[in-house]
2 protein chains.
Amino acid sequence: MNYQIDSSELSADLAAIAAYSSSPPPGVTRIVYSEADQHARAYLRERCREAGLELREDGLGNLFARWIGSEPELPAVASGSHIDAIPNSGRYDGTVGVVGALEAIRALRRAGVQPRRSIELLLFTSEEPTRFGVGCLGSRALSGALTAEQIQSLTDGEGYSLDEARNGAGFSAPLAQVQLPAGHYAAFVELHIEQGPSLETEGLPIGVVRAIAAPAAIRLVLRGQGGHAGAVLMPGRRDALLAGAEIALAVEHAALASGSPDTVATTGYFRIEPGAVNAIPSRAVLEIDIRDVAPEPRDLTLEAVHKAIDEICGRRFIEYELTLLNSDPPATCDPGVIEAIVAACHSTGLAYQMMVSRAYHDSLFMARICPTAMIFVPCKHGVSHRPDEYASPEDIVRGTAVLAETLARLAG
Amino acid sequence: MNYQIDSSELSADLAAIAAYSSSPPPGVTRIVYSEADQHARAYLRERCREAGLELREDGLGNLFARWIGSEPELPAVASGSHIDAIPNSGRYDGTVGVVGALEAIRALRRAGVQPRRSIELLLFTSEEPTRFGVGCLGSRALSGALTAEQIQSLTDGEGYSLDEARNGAGFSAPLAQVQLPAGHYAAFVELHIEQGPSLETEGLPIGVVRAIAAPAAIRLVLRGQGGHAGAVLMPGRRDALLAGAEIALAVEHAALASGSPDTVATTGYFRIEPGAVNAIPSRAVLEIDIRDVAPEPRDLTLEAVHKAIDEICGRRFIEYELTLLNSDPPATCDPGVIEAIVAACHSTGLAYQMMVSRAYHDSLFMARICPTAMIFVPCKHGVSHRPDEYASPEDIVRGTAVLAETLARLAG
């Protein structure tokens, strides 16, 4: 059957959450545990209560909002995503999956559905690596891929520990209790914008994700020698910026030379010190992101980048310190959950394609503890992580309809 | 004769001013109009009053502390420098010339000298371009090289106008009154650390500066296209960081290829947006500093850099906006003032060499309105703009002795 999705409720939720931002519109900035994040969480808690859901939050701030099923002892079916947003990005990445899951639950309730399994909305903490350098913090911890000790060693760029930050935001439950056992959920489904141009190009409303690309990220600290830009002659300079510049270009070259058209590599973070026009840069910090849907070309690229760093720093007399922030295996989606999504597309009459996700998502880690798949909806020109990120209300309604139908099928 | 210079007073003044810093020791950060700058100014005002000097401040915060001569209607002889310091730099750059001039005046008074001309200590506002992008702000305005209108159009990196900033620091006199007429001073002498290794290498205590290098600085804003680092494939990316990286390397190349061993070119400022590991950089801001003691190789380098920017941005589909922050002519020092310094070296028995200044100084602009020259003292390994910048107390005393003798000769 077709559940009635309320487009105006979805749009209102998206607009309200977009307004909780530390940058002016249309850009959205919502860093984990910031005031904007806290306010958006308060809004969502209130909306979950209105929808009759039972709330729980763990020590990281992962939020669980449960609609109790008729057989509450059975493992629940879960759906959700994240609401944190990198600096000056858009309103759809992550948030569509949270408000979509909430509206799917509301639609099922309005239709009088009484599911056997409980259905749970999940809000994951800090999918974006902006503040603590690690992506999918909440789902990574949930799935046991990050231990309590590892979490406790994380600090942000200003030297605050994650522990201070979470306590400051009111999350103080023991971190050892964050991990959930395999079998805790019967299934997990995440609705998300594609963040690429494929559905728009094909004119299709729905993508069914069969695999999620494998990301690797490194942080690189370069130490050269500062000095007065006017007084120190060129030969023998040890300029950290110039080494960083060569490395950023080598990263691009390695991705283009990997042999796989799917390899992407980006130096997204690049900061120099002291950062004055008349001072030779003495220090640079780079963060580099390398991905492919297959692990081999990604790891070859990573290796090529590492080799280039070594050669460049040796030649320019720069000391370097390289940290592998993460290098996660790709995820394959569950055939059973994929089948439920495909069946939902058929019963809602929406065309779809099977596809891979080039961006990573909380589903990458949920796939480690339960059967998982994702539903993609188109976004304009494939643009994401920018203020002009856009998904149409119609496409979001379609994705939410497929999600509602999928959840109903999985919950029985 | 030899005036008695008090080493402990000099050291105490240097230590006190170093403590007014917004970064922890040994680094010094003293940005114009910041709290650290304000506190250091208050300290100096007090020390000038103790020395019996009459104070005046103009609308930019340039400080004039005058010891009235026996013929006060004659143009005064002036000496001084700046106390602002770039992020995480040292305690000697600029400050030595301010506390040195103050101690030279104290030494002359202790010796019972009664000069014909008044002797004036000058403290120039914002010699460093860190905050407003323009070096030698105070002396530039004093000399008329910057109009009141141009000053009023300056803003800092956070969008504060110079006008707001100076008012906030308590300097509100009209900017139109900052410029001093040619003939206002009989001479200007600036004591400064060399900021290069030449005196140390030669084992000489004093450098007499005969010319000051010609700096040019440009600001470059690059605009590309952001996007998700995982989802946007490599071909067709418009990554602002990569264009900036190529440009920084082209700047280095242009300096090395200028044909003059004295050409230096530095990208000292480099900031990207949004600056998240998983986002393609959409915008970059660079500040580039190009210098030579002769204007021709410097201008050729600037031209080569400009050409490279155009080629790189064209190839990478990056829009750019280039602003020439300054491109000042070099200064030649005055033979009469040089002669007085050389005579002072002879009467104090200190060996010296004639040399050029590769760094620019407030003297570059004072030379436009009065006969000007500089006295250099050695600094360790030629290091400057770094926390480990160092000049020995003995060398600072020697430079101050030469300054005192020079001022006595010039003031009659």
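Proteins get letters first, then strands, A, B, ... in listed order; numbering begins at 1 in each.
The two residues A/Ala213 and A/Tyr360 make their nearest non-hydrogen contact at O-CB, 4.4 Å. Heavy atoms only, all atoms of each residue included: A/Ile212 and A/Ala359 are closest at CG2-O, 3.6 Å.
There is no contact between A/Leu286 and chain B, counting heavy-atom distances below 4.5 Å. Heavy atoms of A/Leu241 lying under 4.5 Å from chain B belong exclusively to its side chain. Looking at A/Arg219, there are no atoms closer than 4.5 Å to chain B (heavy atoms on both sides), in backbone or side chain. For A/Arg291, the part sitting under 4.5 Å from any heavy atom of chain B is the side chain, from C-beta outward, and nothing else. Using a 4.5 Å cut-off between heavy atoms, B/Ala284 does not touch chain A at all. When heavy atoms are compared at a cutoff of 4.5 Å, B/Ile247 does not approach chain A at all. For A/Pro87, the parts lying near chain B are the backbone and the side chain together; criterion is any non-hydrogen pair under 4.5 Å. Both the backbone and the side chain of A/Leu249 come within less than 4.5 Å of a heavy atom in chain B. The contact between B/Pro281 and chain A is made entirely by side chain atoms (from C-beta outward), counting heavy-atom distances below 4.5 Å. Looking at A/Ser198, there are no atoms closer than 4.5 Å to chain B (heavy atoms on both sides), in backbone or side chain. Residue A/Glu246 touches chain B through both its backbone and its side chain, counting heavy-atom pairs closer than 4.5 Å.
Residues B/Val134 and B/Arg140 meet the side-chain proximity criterion, which asks for heavy atoms closer than 4.5 Å.
Around the CZ atom of B/Arg271, the shell of radius 6.0 Å holds no more than 12 heavy atoms that belong to other residues, nucleotides or ligands.
The choice from B/Val264, B/Asp262, B/Leu256 that makes the most heavy-atom pairs within less than 4.5 Å of chain A is B/Val264. When B/Ala276, B/Pro235, B/Ala217, B/Ser384 are compared by the number of non-hydrogen pairs under 4.5 Å with chain A, B/Ala276 comes out ahead. Contacts with chain A were tallied for B/Val383, B/Thr267, B/Asp239, B/Thr263; B/Thr267 has the most, counting heavy-atom pairs under 4.5 Å. Looking only at heavy-atom pairs under 4.5 Å with chain A, the residue among B/Leu233, B/Asn88, B/Val232 that has the most is B/Leu233. For the options B/Gly27, B/Gly133, B/Ala265, B/Gly90, heavy-atom pairs under 4.5 Å to chain A are most numerous at B/Ala265. Ranked by heavy-atom pairs shorter than 4.5 Å toward chain A, the options B/Pro215, B/Ala231, B/Ala248 are led by B/Ala231. When each of A/Glu287, A/Arg358, A/His385 is checked for heavy-atom pairs under 4.5 Å with chain B, A/His385 comes out on top.
Between the SG atom in B/Cys313 and the CG atom in B/Leu220 there is a gap of 6.0 Å [rounded to 0.5 Å]. Within the model, atoms CZ of A/Arg30 and CD of A/Glu128 stand 10.5 Å from one another, a figure rounded to the nearest 0.5 Å. Atoms CD1 and CZ, from B/Ile193 and B/Arg91 in turn, are 12.0 Å apart once rounded to the nearest 0.5 Å. Atom CD of residue A/Glu194 and atom OG1 of residue A/Thr201 lie 7.5 Å apart, to the nearest 0.5 angstrom. The OG atom of B/Ser357 sits 7.0 Å away from the CD atom of B/Gln195 when rounded to the nearest 0.5 Å.
Taking the six-membered ring for Trp and the full ring otherwise, the centers of B/Phe376 and B/His361 sit less than 6.0 Å from each other.
A side-chain donor-acceptor contact under 3.5 Å links B/Asp93 and B/His192.
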